[in-house]
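Okay, structure first, notes after.
What you see is a predicted model, and the numbers here were worked out from it, not measured in a lab. In what follows, every chain begins at residue 1, and chains take the letters A, B, ... in the order their sequences are listed.
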Amino acid sequence: MGMERKRKRKVSLFDVVDDTCVSAKLAKTNGFAVHGNDTNPLVNRWNGRPYSKRYLEILEKRKTLPVWHQKEEFLQALKANQTLILVGETGSGKTTQIPQFVLEAVELEIPDKRRKFMVACTQPRRVAAMSVSRRVAEEMDVNIGEEVGYSIRFEDCSSSRTVLKYLTDGMLLREAMADPLLERYKVIILDEAHERTLATDVLFGLLKEVLKNRPDLKLVVMSATLEAEKFQGYFYGAPLMKVPGRLHPVEIFYTEEPERDYLEAAIRTIMQIHMCEPPGDILVFLTGEEEIEDACKKISKQVANAGDVYGPVKVVPLYSTLPPAMQQKIFDPAPPPVMVGGSPGRKIVVSTNVAETSLTIDGIVYVIDPGFSKQKVYNPRIRVESLLVSPISKASAHQRSGRAGRTQPGKCFRLYTEKSFNNDLQPQTYPEILRSNLANTVLTLKKLGIDDLVHFDFMDPPAPETLMRALEVLNYLGALDDDGNLTKLGEIMSEFPLDPQMAKMLVVSPEFNCSNEILSISAMLSSKSHYIVLSVLCLESNRMSKWKYNNGLRMLLLSLRMHACLPSIYEDASWCYENFINPRAMKAADNVREQLVRIMVRYNLKLCSTDFNSCDYYIDIRKAMLAGYFMQVAHLERTGHYLTVKDKQVVHLHPSNCLNHKPEWVIYNEFVLTSRNFIRTVTDVHGEWILDIAPRYFNLENFPQCEAKRVLEKLYKKREREGEESKN
DNA sequence: GAGCACTGC
């Protein structure tokens, strides 16, 4: 209800607040008047220039895409409905063609030409947004960034002339935070909706509300086929259009019996294909880096043992944290025969789920699918996200097998029985929203003006406990008041692309006189800090002892400080080497830092540092960290183990920590559940600070009985005594 | 004394 009221108010402001006036004027001077020139088939209506020869060539190819056969049908359905669902498999051309069809059919200027609207098309991944928009700009014979553009974090490649914008789903959600009715758009296309990313799921619910308040806005939801009816039900029975894909047939094979060891079975299958099947590259899906590297070694060894009768093999690992140069190897051609007339070579790609959606490798003919992947799971009771090797879904298995049929008919070997496929695999992977900590999402929703989360129309509503946990965390952080309304602090926090704890730490850091340092820490933590230092260390264990000799934390903070002061220093490769720093990761962190600084400046948050020679320098930093992470405190018990405060989980310092002793109180950035409960990226804090900085969370009245409580009680009493003494 | 599925802002 609250949201609707707010929205309506915003609509009434429509004529007063018109931030597109400038762009409208620009558009006119940029030749937008040619818009009416549709009748001249040789002139591009978007920029008034004659079409190039290349345009006409591409146009002929475009017309052979399956989706073109249904162009008229689509345009009629679009005209007649506010929401439309379009399902189509890989190769239908929907991602590139549908937005162009929409442009042809929708009036993007209001009659007096004071306002110009856009068409948006969302993608779950940045690379897709970039590459697809480039392709479409070429197809439309315009320059990228002008009439067709894209917008992703760190890069807005669009202009006042842009009529079609590809953007990540997360980016559209960000835009909605500043413009809740998405008033700059006339049509919004949500692509790859079946992937059910957190951002897409939030956009679903949001757009349903926006559509009620914006009768002129249209929504097209594009997805793979499997969940089409569910989407239809959710969007009030919106019409469904099906577009055939264009893939080569893939023959599916199951095992007769369940496999006990999928890794062994996968390698056995590879060898069978290599020795018995016609030429063609192989793609194997495994679960993680270590498993993949291990498998690659074993495969190379077995191929070598098989002898020269069979063709040569190139085994290539693939996972997202692999350096880009190594990732490129998946596109290398298969090796040539060893001798003239010998058996042709084969490329074997051993990959995580990246090859399922994000990366496409042409030339794959055989897919081996053991049926597992690492998936995120969330336990709201102890607020911990962890990764678990779990069976994949039917949809995922389908997607994997499709990877064999991109260039010619292929084969997919599923290392489980057909019965297991039918009975054991769930139809869809659980959407991310059901497997995540929602603190950040709830903050975003509040900022979007959604007051009543319980009745928010989620396609799959998260567990009430997960929502309650998120509300509780935000309330303790001061982002929401006791009625669940967004506070001024919460509003500022929501502007930062960070988790709420980190956003809080950053927003309050000027009070501790260390925002320059906290900016660096936030930037590095949110761009995976351990890769900056530790991956280098692991490779050079002989240098590690030298590094360990120094106080690790101080060392890291020192480099942080240099980072804060001299951002160009990491361009010096030898300096990076000497200081155990990965320049690529450092550059990424610096990008993040710059973005955070811009937000700080926008909200008048002071950029400041304590004097480096002051003994308060590190203390101030640690206090600011505590101000964000006081809900992630662990206490060292007399038994020598750490217990997380309140949740009372036994945890261990992750061996990658830089501490040379076990402090009584620590705050941690991450709780990871692997062979044991580990807390990773740990900083020591003092009990006295806890009382000062988070008195409400550490209020002893509703505190479970434990050693930490007794220690805190003593500290409170000591403080009382000191207070009285100073009075006397 | 362990070892990060994949995205995104």
> To the side chain of Glu290(A), which of dC9(B), dT7(B), dC4(B) is closest?
Replying inline: dC4(B)

>> I need the CG-P distance between Leu167(A) and dC9(B), as an integer number of Å.
In response: 9 Å

> Just how far, in rounded Å, is P of dC6(B) from CD of Glu289(A)?
Replying inline: 9 Å

> Salt bridge check: are Arg196(A) and Asp460(A) linked by an N-O gap of less than 4.0 Å?
Replying inline: yes

>> Need one value for Leu198(A): base, sugar-phosphate or nothing, where a base atom within 4.0 Å counts as base even if backbone is also close, heavy atoms only.
In response: nothing

> Taking only side-chain nitrogens and oxygens of Thr168(A), does any of them come within less than 4.0 Å of OP1 or OP2 of dT7(B)?
Replying inline: no

>> Quick check on DNA chain B: between Leu498(A) and Gln375(A), whose nearest nucleotide comes earlier from the 5' end?
In response: Gln375(A)

>> In whole Å, I'd like the distance from the CD1 atom of Ile679(A) to the P atom of dG1(B).
In response: 16 Å

>> Just to verify, what does Lys297(A) make a side-chain contact (heavy atoms from CB on, under 4.5 Å) with, not counting sequence neighbours?
In response: none

>> In whole Å, I'd like the distance from the NZ atom of Lys447(A) to the C1' atom of dC9(B).
In response: 14 Å

> How many Å lie between CG on Leu596(A) and P on dC9(B), as a whole number?
Replying inline: 14 Å

> What's the CZ-P distance between Arg676(A) and dC4(B), to the nearest Å?
Replying inline: 17 Å

> If you check the Phe678(A) side chain, which of dC9(B), dA2(B), dC4(B) turns out closest?
Replying inline: dA2(B)

> In chain order, what residues pass the side-chain contact (heavy atoms from CB on, under 4.5 Å) check against Glu264(A), with sequence neighbours excluded?
Replying inline: Asp261(A), Arg268(A)

> Whole-Å distance between dT7(B) P and Gln123(A) CD?
Replying inline: 15 Å

> Strictly by modelled atom types, are Ser396(A) and Ser393(A) linked by a side-chain donor-acceptor pair under 3.5 Å?
Replying inline: no

> Which nucleotide in the set dC9(B), dG3(B), dC6(B) lies at the smallest distance from any side-chain heavy atom of Val354(A)?
Replying inline: dC6(B)

> Does Lys165(A) make a cation-pi contact with Tyr150(A), if we ask for NZ or CZ under 6.0 Å from the ring centre and within 45° of the axis?
Replying inline: no

>> At 4.0 Å (heavy atoms only), tell me whether Ser320(A) reaches a base, stays on the sugar-phosphate, or touches nothing.
In response: sugar-phosphate

>> What's Tyr319(A) touching, base or sugar-phosphate or nothing? Going by heavy atoms closer than 4.0 Å.
In response: sugar-phosphate

> Which part of the nucleic acid, if any, lies within reach of Arg153(A) when heavy atoms closer than 4.0 Å are counted: base, sugar-phosphate only, or nothing?
Replying inline: base

> What integer distance in Å separates Asn440(A):CG from dC9(B):C1'?
Replying inline: 8 Å

> Does Thr352(A) place a side-chain N or O at less than 4.0 Å from the phosphate oxygens OP1/OP2 of dC6(B)?
Replying inline: yes

